[in-house]
Amino acid sequence: MKITILTLFKEQFDSFKNTSIIKRAIDKNVVEIEIINFRDYSTDRLKRVDDAPYGGGAGMIIKLQPILDCLKDVKTENSKVYLLSAKGPVYSQKKAHELSKCEHLILICGHYEGVDDRILNYIDGEICIGDYILTGGEIAAMIVADSIIRLLDGAIKNESIKEESFENSLLEYPQYTTPRVYDGYEVPDILFSGNHKAIEEYRFKQSIIKTQKVRPELIDESSFTKQQLKWYKDLDNDSKQQQAISKAKKFMK
């Protein structure tokens, strides 16, 4: 896969490309990352890429010409092009999987007050990484690129992906390592039982509990196996029993 990022600040990507999993993926030819400064394509004598907004208002707007001329140079018939923008749909793990299937992905980093809206006629869509505003699209582009690269074959072990948060409509279960007891906090005994089925059940139920507490809208029963659905219903029954016991205790008081 090839990822091309169009930006005004190439230097921001230096450490991104040379660190950890991303560097290893590049070295193993799992992915090619190309960073292009679209200012180089400006036809302005002073290489300006922005101008004041029509209709008035604060800030400056990035002009179409530099970006479109840059796109003409790098885009192929197999390219998919996305603008990092606060006005786009919120990015998700599902979208990361979709984009990881692309042969060539082009990400455009907005800056200042944004890009001339006519850019939408030349791209495949917009991507927003969350309901907040950044000074530019560079960090957002790194987030999108990172989330995609780790899904590519050979980037990391497939087993590391399967049970992560958002992969099965749930947040990931709690994870622990040595020592078994630290500062009075103990690792749950079940994890030392050697009973893999019991551990699997425990972890699934912990994922449910965490997701119900933090992101209940993610839960999708249709994605559960028959066994997981049984565990889910057992957990629901346990919760109802606990609620009933709690109410009974309050009544007795």
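Annotation: side chain of D153 is not in contact with side chain of V30 (no heavy-atom distance under 4.5 Å). With a 4.5 Å cut-off on side-chain heavy atoms, Y91 and L99 count as touching. Within the 4.5 Å cutoff, the side chain of I219 has heavy atoms near those of the Y232 side chain. Looking only at side-chain heavy atoms (C-beta outward), L84 and E126 stay at 4.5 Å or farther from each other. Between S92 and K95 the shortest side-chain heavy-atom distance falls below 4.5 Å.
Considering CD1 of I129 and OG of S85, their distance stands at 11.5 Å, rounded to 0.5 Å. A distance of 4.0 Å separates CD1 of I5 from CD1 of I35, quoted to the nearest 0.5 Å. Going from atom NZ of K80 over to atom CG of N78 covers 9.5 Å, rounded to the nearest 0.5 Å. One distance of note links CG of D44 with CZ of R39; it measures 9.5 Å at 0.5 Å rounding. Within the model, atoms CZ of F9 and SG of C109 stand 10.0 Å from one another, a figure rounded to the nearest 0.5 Å. Rounded to the nearest 0.5 angstrom, L235 CG and Q212 CD are separated by 6.0 Å.
Between the side chains of D220 and S222, at least one donor N or O lies within less than 3.5 Å of an accepting N or O. Inspection of the T4 and H104 side chains reveals an N or O donor paired with an N or O acceptor under 3.5 Å. For D73 and Y41, the side-chain atoms include at least one donor-acceptor pair closer than 3.5 Å.
Checking side-chain atoms of T19 against main-chain N and O of F16 turns up no donor-acceptor pair under 3.5 Å. A distance-only check finds no donor-acceptor pair linking the side chain of D146 to the backbone of M142 [under 3.5 Å]. The closest donor-acceptor contact from the side chain of S20 to the backbone of I22 lies at 3.5 Å or more, if one exists at all. Proximity of a side-chain donor or acceptor of K2 to a complementary backbone N or O of I33 within less than 3.5 Å is not detected. In this structure, the side chain of E103 does not engage the main chain of M1 through any donor-acceptor pair within 3.5 Å. At distances below 3.5 Å, not a single donor-acceptor pair connects side-chain atoms of T211 with backbone N or O atoms of L170.
Put simply, Y112 and L107 are part of two different groups of oily side chains (I, L, V, M, F, W, Y) that touch within less than 4.5 Å, one to the next. Following chains of ILVMFWY side-chain contacts shorter than 4.5 Å, one can reach L83 starting from I106, so the two form part of one hydrophobic cluster. Residues F38 and L120 share a single hydrophobic cluster, defined by chaining ILVMFWY side chains whose heavy atoms lie under 4.5 Å apart. Both L64 and V74 are assigned to one and the same hydrophobic cluster, defined by single-linkage of ILVMFWY side chains at heavy-atom distances under 4.5 Å. V81 and I62 fall within a single hydrophobic cluster, where Ile, Leu, Val, Met, Phe, Trp and Tyr are joined by side-chain heavy atoms under 4.5 Å apart, directly or via other members.
For K63, the NZ atom counts as densely surrounded, since its 6.0 Å shell holds more than 12 non-hydrogen atoms of other residues, nucleotides or ligands. Within 6.0 Å of NZ on K87 lie no more than 12 heavy atoms contributed by other residues, nucleotides or ligands. No more than 12 heavy atoms of other residues, nucleotides or ligands shown are found within 6.0 angstrom of CD1 on I139. N121 CG: more than 12 foreign heavy atoms inside a 6.0 Å radius. By the 6.0 Å contact criterion, OH on Y122 is open, its count of non-hydrogen atoms from other residues, nucleotides or ligands being 12 or less.
What you find for P216 and V214 is that their closest heavy atoms are CD-C, 3.5 Å. Minimum heavy-atom separation, C70 to L6: SG-CD2, 3.6 Å. Pairing each heavy atom of L151 with each of S100, the nearest pair is CB-CB, 4.2 Å. Here the closest heavy-atom approach between residue I156 and residue R150 is recorded as CG1-O, 3.4 Å. The minimum heavy-atom distance linking A25 with I149 is given by the pair CB-CG2, 3.7 Å. Listed here is the closest heavy atom pair of V115 and I61: C-CG2, 3.8 Å.
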**Q.** Full working for salt bridge (charged side-chain N to carboxylate O under 4.0 Å, His left out) between E200 and R203
**A.** CA-CA 5 Å; E200 182 185 358; R203 284 175 165 172; over 6 Å; no
Q: Under the side-chain contact (heavy atoms from CB on, under 4.5 Å) rule, what do Y82 and I108 come out as? Steps first, then yes or no, please.
A: CA-CA 6 Å; Y82 286 85; I108 303 172; over 6 Å; no
(Q) Let's go through I3 and V31 carefully: what are the C-alpha distance in whole Å and the side-chain angles of both, what is the deciding distance for side-chain contact (heavy atoms from CB on, under 4.5 Å) to 0.1 Å, and is it a yes or a no? (A) CA-CA 7 Å; I3 300 176; V31 67; 4.2 Å; yes
Q) Can you check side-chain contact (heavy atoms from CB on, under 4.5 Å) on K230 and K233, steps first, answer last? A) CA-CA 5 Å; K230 180 180 182 302; K233 290 179 178 178; 5.9 Å; no
Q: Please report the C-alpha distance between D189 and R180 in whole Å, then the side-chain angles of each, then the deciding distance to 0.1 Å, and finally whether the salt bridge (charged side-chain N to carboxylate O under 4.0 Å, His left out) criterion is met.
A: CA-CA 9 Å; D189 290 337; R180 184 166 178 170; 3.2 Å; yes
(Q) One pair to check against side-chain contact (heavy atoms from CB on, under 4.5 Å): T7 and Q12. What are the steps and the verdict? (A) CA-CA 9 Å; T7 175; Q12 283 193 242; 5.8 Å; no
Q: Might you work through the salt bridge (charged side-chain N to carboxylate O under 4.0 Å, His left out) test for K205 and E201, ending with a clear yes or no?
A: CA-CA 6 Å; K205 288 182 176 180; E201 178 180 354; 2.8 Å; yes
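Not counting sequence neighbours, D183 has no partner by the salt bridge (charged side-chain N to carboxylate O under 4.0 Å, His left out) test. The salt bridge (charged side-chain N to carboxylate O under 4.0 Å, His left out) search around E217 returns R215, not counting sequence neighbours. Q228 pairs by the side-chain contact (heavy atoms from CB on, under 4.5 Å) definition with F204, F224, T225, W231, not counting sequence neighbours.
Members clustered with L191: Y176, V187, I190, F192, I199, Y202, by chain and number, using a 4.5 Å side-chain heavy-atom cutoff among hydrophobic residues. Other cluster members for Y182: none, since no ILVMFWY side-chain heavy atom sits under 4.5 Å from it.
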Show which side-chain atoms of residues 46-60 pair as donor or acceptor with protein atoms under 3.5 Å away, not counting sequence neighbours.
{"unit_1": "K47", "atom_1": "NZ", "unit_2": "D40", "atom_2": "O", "d": "3.3"}
{"unit_1": "K47", "atom_1": "NZ", "unit_2": "S42", "atom_2": "O", "d": "3.0"}
{"unit_1": "R48", "atom_1": "NH2", "unit_2": "D50", "atom_2": "O", "d": "3.2"}

